[in-house]
Asks: 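Dropping a structure here in structure tokens format, bear with me for questions.
Values below: every heavy atom of this structure, side chains too, minus hydrogens, waters and symmetry copies. Chain letters run A, B, ... following the sequence lines, proteins first and then strands; every chain starts at 1.
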Amino acid sequence: MSRVHDMGGRFGDGPVIPEPEDEVFHEEWHKRALAVTLACGSLGQWNIDVSRHMRECLDPVDYTRFSYYEIWAAGLANLLVDAGVLTREELASGAAQGSSPLEGRKLRADKVAEVLAAGGPADRPSDIAPTFQVGDRVRTRQAGNLVIPGGHTRLPGYAQTAEGRVVRYHGTHILPDSSAHRQGDAAEPLYAVAIAAKELWLHPEHPNDEVVLDLWQSYLEPVA
Amino acid sequence: MPHDHSDHEQPHALLPSDPALRVKALETILTEKGLIDPAALEDIIDTYENRIGPRNGARVVAKAWLDDGFRAALLEDATPVVADLGYYGRQGEHMVAVENTADVHNMVVCTLCSCYPWPLLGIPPGWYKSDAYRARAVREPRKVLADFGVTLPNETAVRVWDSTAEVRYLVIPQRPAGTEGMDEEALMALVSRDAMIGTALARQP
């Protein structure tokens, strides 16, 4: 059921290498990849869940061998073609064929500060009432998109079918499993759920450790 | 609509394989099509290189250490409290602050991608986005802390926050002893970016 990006708990990775705080970008092209991606987001042709899912749908071999901003650049190229903003021919030739009907949506320099400051809140009103309260015991369901096999979800594989307790209620938020497939916001209650490390791992480091995940109501079942 | 592309060559493969050239090619085509303003790109880069970074978060932590009312409001509902200081925007729309104590040490990760509180900490460091951190932080946080030179007392539980939604987490480290009487600016200097992710402790004065 899982995709390559869902790597929480995986064995075999090496050490985490700390780096100094003033090192924001390592390469000049990293800056460009970030800026081009953010600027294209302003064209309004996809939402954050669509763009995340596009990166997750990279070939696992590519996802694994690409560095972080290569994943962004590859995801962006795929998004631009998928949304009909660019054509495969334009990518192959490296040149534009005509102007774009989206030209009026271009992010202008004088709007950058405003757009970045505005952000994109993910809370939405919902008719779905919260069925859990802080302190309730819950169990996660199997990971995966309920409607689309291999579709987007934010329930990681390592946290599936695990029992935990609700520690926070965040209000009603856009459901990525729907939004990533352009099926609407489908907002529903979102909770922070704490799961004991010993519930998740065969060899937990410490009996009192836990992992907290933000999980939508439809990811959860009550525990009697 | 996004779908599984494994049945044919994905569009990105049509671009040059060298990453710098790939990004350049995208930028060129998009600029020619009138979809990108090169001056806007410079502004975005300048924002995250020079204007928005972890000193914002450090100010929030120092204020929490100095003012119990601020601290209580921050832990109750962080979003409006940090927005009042001007820290709001992309990737910081829904903020939660979690406080380290003698009993609990908090640590933040995004195992599925790289979610991070941009308005408070800026662009995430390379290690935060690395496969090693994403894979290991949830299963062996204490070994990851050891990579940063941090050892916790056995009585302290580790609580790892996996940022799976659009909620972003800021760790409030424990205030070090011997900092009584220090002002906000002096306290800020003790708060590293890593301390606000939970892979470091606040510095000793």
Side-chain angles (χ1 to χ4, degrees), chain A residues 5 7-10 13-19 21 24 29 31-33 35-36 38-39 50 52-54 57 68 70 73-74 77-78 81 88 90-92 94 96 99-100 102-103 106-109 112 116-117 119 121-122 150 154 156 170 173 182 190 201 205 208-214, chain B residues 1-2 4-6 10-12 14-15 19-20 22-23 25-27 29 32-37 39-41 43-45 47 49 54 89-90 93 111-113 123 125-127 129-136 138-140 142 144 147-148 157-162 164-167 192-193:
Chain A
H5 70 285
M7 60 182 72
R10 182 176 77 184
D13 291 275
V16 178
I17 315 287
E19 56 193 65
E21 195 164 311
V24 180
W29 67 267
K31 305 177 187 178
R32 315 303 299 180
V36 172
L38 296 196
V50 169
R52 279 203 189 106
H53 188 54
M54 192 59 87
C57 284
Y68 180 75
E70 284 179 277
N78 289 357
V81 172
R88 295 175 69 93
E90 286 175 313
L91 293 190
S99 62
S100 168
L102 299 172
E103 212 171 337
K106 172 167 66 179
L107 176 62
R108 299 198 321 262
V112 167
L116 296 180
R154 296 291 285 181
H170 295 304
H173 281 231
R182 303 184 189 271
L190 176 72
W201 318 113
E205 281 186 319
N208 297 337
D209 290 353
E210 56 189 17
V211 178
V212 185
L213 303 98
D214 287 327
Chain B
M1 184 174 149
D4 206 316
H5 298 263
S6 57
Q10 296 191 6
H12 74 81
L14 299 163
L15 291 165
R22 301 195 119 193
V23 174
L26 275 176
E27 194 180 327
I29 303 165
E32 282 177 14
K33 280 194 96 70
L35 296 174
I36 271 188
D37 174 3
L41 301 188
D43 224 47
I44 292 169
I45 293 166
T47 299
E49 200 161 37
R90 193 188 173 88
E93 297 90 347
T111 63
L112 297 174
C113 46
I123 298 293
W127 61 260
K129 303 177 283 202
S130 70
D131 286 8
Y133 187 71
R134 288 168 55 187
R136 295 176 54 211
V138 284
R139 183 174 48 78
E140 48 182 20
R142 289 165 194 266
V144 170
D147 288 347
F148 287 82
V158 176
R159 183 179 281 174
V160 181
W161 298 79
D162 189 354
T164 46
E166 299 307 329
V167 180
S192 68
R193 173 198 62 205

Asks: Do you know which of B:Asp131, B:Asp43, B:Ile123 has the most heavy-atom pairs under 4.5 Å to chain A?
Replies: B:Asp131
Asks: Between A:Asp13 and B:Arg134, does at least one N-O distance fall below 4.0 Å, as a salt bridge requires?
Replies: no
Asks: Pick one of side chain, backbone, both or neither for B:Val160, based on which atoms fall under 4.5 Å of a heavy atom in chain A.
Replies: both
Asks: Kindly indicate whether the side chain of B:Leu14, heavy atoms from C-beta on, has any atom under 4.5 Å from the side chain of A:Val81.
Replies: no
Asks: Who wins among A:Pro15, A:Ala73, A:Ala39 for the most heavy-atom pairs under 4.5 Å with chain B?
Replies: A:Pro15
Asks: Which heavy-atom pair separates B:Val23 from A:Arg32 by the least distance, and what is that distance?
Replies: CG1-CB, 3.6 Å
Asks: Side chain, backbone, both or neither: which part of B:Val144 has an atom under 4.5 Å from a heavy atom of chain A?
Replies: side chain
Asks: Can you tell which part of B:Leu112 gets under 4.5 Å to a heavy atom of chain A, answering side chain, backbone, both or neither?
Replies: both
Asks: Which region of B:Arg142, side chain (C-beta onward) or backbone (N, CA, C, O), has a non-hydrogen atom less than 4.5 Å from a non-hydrogen atom of chain A, or is it both or neither?
Replies: both
Asks: Kindly indicate whether the side chain of A:Glu205, heavy atoms from C-beta on, has any atom under 4.5 Å from the side chain of B:Val158.
Replies: no
Asks: Where on A:His5 is there a heavy atom nearer than 4.5 Å to chain B: the side chain, the backbone, both, or neither?
Replies: both
Asks: If you measure from the Lys or Arg side-chain nitrogens to the Asp or Glu carboxylate oxygens, is any gap between A:Lys31 and B:Glu27 under 4.0 Å?
Replies: no
Asks: Is B:Glu32 close to chain A through its backbone or its side chain, or both, or neither, when contacts mean heavy atoms under 4.5 Å?
Replies: both
Asks: Who wins among B:Leu26, B:Leu35, B:Leu15, B:Ile45 for the most heavy-atom pairs under 4.5 Å with chain A?
Replies: B:Leu35
Asks: For a salt bridge (Lys or Arg N to Asp or Glu O under 4.0 Å) check, start with the C-alpha distance between A:Arg52 and B:Glu166, then their side-chain angles and the critical distance, and finish with the verdict.
Replies: CA-CA 12 Å; A:Arg52 279 203 189 106; B:Glu166 299 307 329; 2.8 Å; yes
Asks: Taking side chain as everything from C-beta outward and backbone as N, CA, C, O, which of these in B:Leu41 sits under 4.5 Å from a heavy atom of chain A? Side chain, backbone, both or neither.
Replies: both
Asks: Over all heavy atoms of both residues, which pair between B:Gln10 and A:Asn78 is shortest? Give the atoms and the distance, please.
Replies: OE1-ND2, 2.8 Å
Asks: Quick one: are A:Lys106 and B:Lys33 in side-chain contact, heavy atoms under 4.5 Å?
Replies: no
Asks: Between B:Thr47 and chain A, which part of the residue has a heavy atom less than 4.5 Å away: side chain, backbone, both or neither?
Replies: side chain
